[in-house]
Amino acid sequence: MDSYFLQAKTMCFIVSFKLANRSKLLLAMVVYRLEGFLEFVTCSCAFDLILLLNGGSGYSLMRDPRYNKGLAFTEKERDAHYLRGLLPPVVLSQELQEKKMMNLIRQYEVPLHRYIAMVGLQETNERLFYRLLIDNVEELLPVVYTPTVGEACQKYGSIFKHSQGLYISLKEKGKILETLKNWPERTVQVIVVTDGERILGLGDLGCQGMGIPVGKLALYTALGGVRPSLCLPITIDVGTNNEKLLNDEFYIGLRQKRATGKEYDELLQEFMYAVKQNYGEKVLIQFEDFANHNAFELLARYSSSHLVFNDDIQGTAAVVLAGLLSALRLLGGTLADHTFLFLGAGEAGTGIADLIALEISEQNGKPIEENRKNIWLVDSKGLIVSSRKESLQDFKKPWAHEHEPITGLINAVKAIKPTVLIGTSGVGKQFTKEIVEDMASFNKTPLIMALSNPTSQAECTAEEAYTWSEGRAIFASGSPFDPFEYEGKTFVPGQANNAYIFPGFGLGVIMAGSIRVHNGMLLAASKALASQVAEEHYEKGMIYPPLTNIRKISANIAAKVAAKAYELGLASHLPQPEDLVESAEKCMYSPVYRSYL
Ligand SMILES: O=C([O-])CC(=O)C(=O)O
Ligand SMILES: [Mg+2]
């Protein structure tokens, strides 16, 4: 079915019914609910539909976060929509509401309180929430996202007020399609799903991992411009092995140990096919914070049948590769001239290592096996070397190079002498003074990336990296660190967080109607990000552009990703628009209030 034709037809239906009378409007509403094209319906008409749905009461209407404007409802809107008397006399602009909310949020000193205030706003006035987030991205990202979202997940049960997103537990086995149909939106373009087993570097938080899909999707909208109604956060609850949560009276999930093996696989399979059946094959399914063993497996199993993207493997890889390409402007040489050492050989570590090797192969035309040789990984048992090959998990095997066995990161650093040190271990404080000093002893400009999240799990802090290297290190981290002054110079650490990539990447995939994710699209996203770092940023030690321009950055990433999808023949939205950056910017969600007249 041609969806644009259907959308247009539905819209005409509703508009004509609106012009007729309210009982007919009810019928129109049925049409709308069947087709689910609210976004295409004129604003005032949509407003009327909701009004009708709520029995004609403006009061109920104010309770819908998608439509609520709070004190910004105009006099005319108050008259037209039965709101008179339900609000105090004053009429505020959205700007003033924003100022007031920011003042309020800044009064909370505890980050979790700020998080709770932001979630409260999201649940009452969606457009104001996004307005705040977009206009104050550097200040509010650490509140709704990393690092505060980590603490929010740990305490999710205690702070839980309203449900956000969809929960699919073992209890829904055999009924997942039905469960998906309970979600109010009929059209969904991005799903972020977790099973909560590896939330950031905090481990198994079970069902309380829901904070992560909710936070990631808030970024899809704020940073990538994907409409909130098209985003669906999902948590799959197969139990948790976290004893503390199992014994917590406020825990919100199933009180049982994690299901594994066949039981797990069957639930995930039912989920994947129910999503495809309900939303079609062009819905992007982003896997987030699964444990290593499932993350690699799920990506491999579903990448040829579904539009899947693993943010921790692929998103993190793309953002780190972007940082490396950008850092070369400071370090000199090409990627192939560098030696990389990773602490951590899980999703992030091997994902990044793979993408670096792929990019080097694109550049020098040599086989990927050859280009892996300068990339070394250390896991909990030491340097990954060929004598350990038999006992290694599959995703580590390509990195088992010829070398004598070495235990301990410090010994590996001394032996390998990397130019780039990358932490993806999920364990904090692993880059000790001795390690950073060593890096600085054989590199004029050591590149140090402490990627584990949240801040408590970072391998070292910005201050440590700059001080221990006597101001010579280029430093980037997964969680944000404040600028640091060392001997009169202010260094601005970069945030090598996949937040730079996934919103724009997802937008590009959606724009092109791509049916699969391809490594070429990841490389395109990395290059698009790297190309947006300017001279003034390098002067401060930054290897990423500032987040303040993130919407522009995302539009450029989206354009390059979409272009790659067209080039690879994966795009289904034909013909290809002439100016993809312009198309990306045009389709981005704006949080400005609509008029309901
Ligand atoms: O959520 C973040 O900040 C980055 C990420 O994907 C992770 O650490 O798992
Ligand atoms: Mg993640």
Side-chain angles (χ1 to χ4, degrees), residues 292 295-296 299-300 303 309-329 331-379 383-386 388-389 392-403 406 412-413 415-425 443 446-449 451 476 496 498 500-501 505 517-531 543 560-561 564 568:
N292 288 331
F296 289 106
L299 191 60
S303 56
F309 170 72
N310 185 301
D311 188 35
D312 303 298
I313 301 173
Q314 299 169 301
T316 303
V319 81
V320 172
L321 177 61
L324 296 173
L325 293 171
S326 148
L328 289 178
R329 295 202 349 226
L331 298 174
T334 65
L335 282 180
D337 300 327
H338 285 271
T339 306
F340 302 87
L341 182 66
F342 287 80
L343 175 66
E347 293 158 69
T350 61
I352 300 163
D354 273 334
L355 206 64
I356 295 174
L358 187 67
E359 172 60 19
I360 300 177
S361 288
E362 297 249 317
Q363 288 178 10
N364 66 12
K366 291 188 185 161
I368 195 149
E369 296 74 27
E370 181 72 24
N371 289 323
R372 287 194 184 119
K373 290 191 176 145
N374 273 349
I375 305 175
W376 297 84
L377 280 76
V378 170
D379 67 6
L383 192 66
I384 295 183
V385 290
S386 48
R388 291 177 52 195
K389 203 156 186 172
L392 289 172
Q393 289 158 289
D394 283 347
F395 55 88
K396 294 184 185 176
K397 286 194 168 125
W399 308 103
H401 306 321
E402 287 300 327
H403 200 285
I406 292 184
V413 169
I416 303 296
K417 296 203 174 3
T419 54
V420 181
L421 180 64
I422 304 180
T424 58
S425 60
N443 290 300
L447 175 49
I448 297 178
M449 294 182 139
L451 300 180
N498 47 35
Y500 270 109
I501 292 287
F505 185 85
V517 164
H518 186 281
N519 278 336
M521 289 150 73
L522 295 175
L523 295 180
S526 289
K527 287 172 202 163
L529 177 56
S531 71
I543 52 171
K560 293 288 191 235
V561 168
K564 197 70 186 177
L568 293 167

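Every value quoted in this text rests on a predicted model; they were computed, and no experiment measured them.
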Working to the nearest 0.5 Å, report the span between [atom1] of [X] and [atom2] of [Y].
X    : Y    : atom1 : atom2 : answer
E369 : N371 : CD    : CG    : 9.0 Å
I501 : L529 : CD1   : CG    : 5.0 Å
T350 : I384 : OG1   : CD1   : 8.5 Å
L355 : L324 : CG    : CG    : 10.0 Å
N374 : L335 : CG    : CG    : 10.5 Å
T424 : L343 : OG1   : CG    : 6.5 Å

I'd like to check [X] versus [Y] (side-chain heavy atoms, cut-off strictly below 4.5 Å). Are they in contact?
X    : Y    : value
T339 : K417 : no
H518 : L523 : no
E359 : K527 : yes
I313 : I352 : no

More than 12 non-hydrogen atoms from neighbouring residues, nucleotides or ligands closer than 6.0 Å to NZ on K397, yes or no? yes
List for me each residue that meets side-chain contact (heavy atoms from CB on, under 4.5 Å) alongside H338, sequence neighbours excluded, and say none if there are none.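 Residues passing side-chain contact (heavy atoms from CB on, under 4.5 Å) with H338: L328, L331, F340, T419, V420.
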What orientation do F505 and F309 show, parallel under 30°, tilted 30 to 60°, or perpendicular over 60°? parallel
Give the ring-plane orientation class for W376 versus H401, where under 30° counts as parallel, over 60° as perpendicular and anything between as tilted.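 Perpendicular.
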Give the intermediate values and the outcome of side-chain contact (heavy atoms from CB on, under 4.5 Å) for residues E347 and N310. CA-CA 9 Å; E347 293 158 69; N310 185 301; 4.1 Å; yes
Provide the closest heavy-atom pair for [X] versus [Y] in the form atom of the first, atom of the second, distance.
X    : Y    : answer
A322 : S526 : CB-O, 3.3 Å
L383 : V378 : CD1-CG2, 3.8 Å
S361 : P367 : OG-C, 3.8 Å
K396 : A345 : CE-O, 3.4 Å
A496 : M449 : CB-CE, 4.4 Å
I375 : L377 : CG2-CD1, 4.1 Å

Only counting residues at least two apart or in another chain, list the ones meeting salt bridge (charged side-chain N to carboxylate O under 4.0 Å, His left out) with D354. none
